[in-house]
*Asks:* 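Mind looking over this structure? Questions follow.
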Amino acid sequence: MKHTQKIGYAGIALAALSLSLSTLAADPVTPKFTDKLSRLLQQEMRSVQSAMASIHVSMVTGKHEQVATKAQQIHDSFILKQSLTEQDKKDLMSAVPEGFVKLDKDFHRLAAGLTEAAKSKDTQKQYKLYNEMTGSCIACHSKYVSDRFNGLGSP
Ligand code: HEC
C-alpha cells in the first residue's frame, strides 16, 4: 500500500516536470488529437504536400491557371472549415493552443494570396508567397509537431 502510494507521487512529480519542460520547449499537439482528428489532419497534410509540389512545378513553368487551382484547393482544405461535426470542432479546439490556430489561419491566408497572385499572372509574387508558405510549414511543425518532426529543433 505504502509502496504504490510512493510510485503514485513520483508519477505526479514526473508529470509536473514534463509539463513545465514542455511549456519551455515546443509543446506537441499530436498526442492530444482524437484518432479521428489525427486521421483528418494527416489526410489534409498529405494533400497540402502534394498540392505544394505541383504548385512548384507549375509556378516555375508559368502555368498560372494550375497554380491558382491548387492554391485554391489548399485554401479550401482549411481543417477548421471542413465539415467537422460539432464534437470534432470541440475536440480540435481543446487540443490546440491559440498559436496553432493562428498559424493555420495565416497559412490559409497565404494560400488565398497565392491564388490571387496566380490569377494576375504575377510570378514574383507567387514566388514570395510560396516561400512564405514553406516557412509556415516549418514554423508549425517545429513548434507543434516536435514529437514527430524532431529534426526541426534548433541546432
Ligand atoms: C498550423 C500547423 C501546420 C501547418 C501550417 C502545416 N502543418 Fe503539416 N502537420 C501539422 C500537424 C499537427 C501534423 C501531424 C498530424 C498528426 O500526426 O496527427 C502535420 C503533419 C504533416 C505531414 C505528415 C502527414 C502524415 O501522413 O502523417 C506532412 C507531409 C505535412 N504535415 C506537410 C506540410 C506541408 C507541406 C506544409 C506547408 C505547405 C504543412 N504541413 C503545414 C501541422 C501543420
Side-chain angles (χ1 to χ4, degrees), residues 15 17-155:
L17 179 68
S18 63
L19 203 71
S20 67
L21 283 179
S22 69
T23 50
L24 286 176
D27 192 5
V29 292
T30 37
K32 297 174 196 145
F33 289 143
T34 60
D35 287 349
K36 184 178 174 198
L37 276 179
S38 265
R39 208 169 53 240
L40 282 175
L41 197 57
Q42 287 177 6
Q43 228 171 50
E44 180 191 356
M45 284 295 143
R46 283 194 295 268
S47 67
V48 163
Q49 192 274 324
S50 87
M52 285 294 280
S54 105
I55 288 171
H56 188 264
V57 68
S58 302
M59 175 176 69
V60 302
T61 54
K63 308 269 193 315
H64 302 291
E65 251 171 58
Q66 287 164 27
V67 172
T69 307
K70 292 291 174 179
Q72 184 72 48
Q73 253 172 38
I74 293 180
H75 177 261
D76 295 344
S77 78
F78 200 174
I79 186 163
L80 302 180
K81 274 195 201 156
Q82 264 177 0
S83 50
L84 299 175
T85 65
E86 281 306 309
Q87 188 57 48
D88 294 334
K89 280 183 198 157
K90 275 189 199 144
D91 292 343
L92 180 67
M93 286 321 206
S94 65
V96 300
E98 223 170 276
F100 182 94
V101 177
K102 187 181 177 305
L103 270 176
D104 195 34
K105 281 189 179 150
D106 288 348
F107 176 67
H108 286 84
R109 201 173 295 134
L110 289 171
L114 182 56
T115 311
E116 289 314 306
K119 283 182 180 161
S120 54
K121 302 187 168 36
D122 186 339
T123 298
Q124 278 308 314
K125 199 160 185 198
Q126 289 167 37
Y127 175 54
K128 181 175 172 281
L129 287 164
Y130 187 89
N131 285 342
E132 285 179 27
M133 286 169 81
T134 303
S136 206
C137 323
I138 296 171
C140 189
H141 292 167
S142 63
K143 190 148 196 218
Y144 298 110
V145 203
S146 54
D147 52 342
R148 284 192 59 192
F149 305 136
N150 58 9
L152 288 174
S154 40

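In each ligand, atom 1 is the first atom listed, and ligand 1 is the first ligand listed.
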*Asks:* Between D91 and Q87, does any side-chain donor sit less than 3.5 Å from a side-chain acceptor?
*Replies:* yes
*Asks:* Looking at non-hydrogen atoms alone, which of K143, M52, M133, R46 comes nearest to atom 25 (C) of ligand 1?
*Replies:* R46
*Asks:* Can you name the atoms of ligand 1, numbered from 1 with element, that are less than 4.0 Å from a heavy atom of L41?
*Replies:* 11 (C), 12 (C)
*Asks:* Calculate, to the nearest 0.5 Å, the distance between atoms OG1 and CD belonging to T115 and Q72 respectively.
*Replies:* 4.5 Å
*Asks:* Check V48 against ligand 1 and report side chain, backbone, both or neither, counting heavy atoms closer than 4.0 Å.
*Replies:* side chain
*Asks:* Hey, which atoms in ligand 1 end up nearer than 4.0 Å to a heavy atom of C140?
*Replies:* 1 (C), 2 (C), 3 (C), 4 (C), 5 (C), 42 (C), 43 (C)
*Asks:* Please write down residue, atom name and distance for the protein heavy atom closest to atom 16 (C) of ligand 1.
*Replies:* Q42 NE2, 3.3 Å
*Asks:* Give me the residue, atom name and distance of the protein heavy atom closest to atom 11 (C) of ligand 1.
*Replies:* V145 CG2, 3.4 Å
*Asks:* Can you report which non-hydrogen protein atom sits closest to atom 17 (O) of ligand 1, along with the distance?
*Replies:* R148 NH1, 2.6 Å
*Asks:* Do the rings of H56 and Y130 sit parallel, tilted or perpendicular, given the 30° and 60° boundaries?
*Replies:* tilted
*Asks:* One thing to verify: whether E86 and K90 come together as a salt bridge, which I'm taking to mean a side-chain N less than 4.0 angstrom from a carboxylate O.
*Replies:* no
*Asks:* Do T134 and N131 pair up side chain to side chain, a donor and an acceptor below 3.5 Å, judged on atom types alone?
*Replies:* no
*Asks:* Enter the distance from K89:NZ to S94:OG here, rounded to the nearest 0.5 Å.
*Replies:* 14.0 Å
*Asks:* Closer than 4.0 angstrom: is that true for some heavy atom of Y144 and an atom of ligand 1?
*Replies:* no
*Asks:* Can any side-chain N or O of D104 pair as donor or acceptor with the backbone N or O of V101 at less than 3.5 Å?
*Replies:* no
*Asks:* For the atoms NE2 of H141 and SD of M45, give the angle they form at atom 8 (Fe) of ligand 1, rounded to 10 degrees.
*Replies:* 170°
*Asks:* Below 4.5 Å, heavy atoms only, C-beta onward: do K119 and H64 meet side chain to side chain?
*Replies:* no
*Asks:* How does F149 reach ligand 1, if at all, at less than 4.0 Å between non-hydrogen atoms: by side chain, backbone, both, or neither?
*Replies:* side chain
*Asks:* Which ligand 1 atoms, with their elements, are less than 4.0 angstrom from a heavy-atom of S136?
*Replies:* 5 (C)
*Asks:* Using 0.5 Å steps for rounding, measure from the OG1 atom of T123 to the OH atom of Y127.
*Replies:* 12.0 Å
*Asks:* Heavy atom to atom 29 (C) of ligand 1, shortest distance: which of K105, Q49, E44 holds it?
*Replies:* Q49
*Asks:* Taking only Lys NZ, Arg NE, NH1 and NH2, and the carboxylate oxygens of Asp or Glu, determine whether D106 and K102 approach each other closer than 4.0 Å.
*Replies:* yes
*Asks:* Which of the atoms in ligand 1, numbered in the order shown and given with their element, are less than 4.0 Å from a heavy-atom of D104?
*Replies:* 1 (C)
*Asks:* For ligand 1, which atoms sit closer than 4.0 Å to a heavy atom of T30?
*Replies:* 14 (C), 15 (C), 16 (C), 17 (O), 18 (O)
*Asks:* I want to confirm something. Looking only at heavy atoms, which of P28, A139, C137, S38 is nearest to atom 18 (O) of ligand 1?
*Replies:* S38
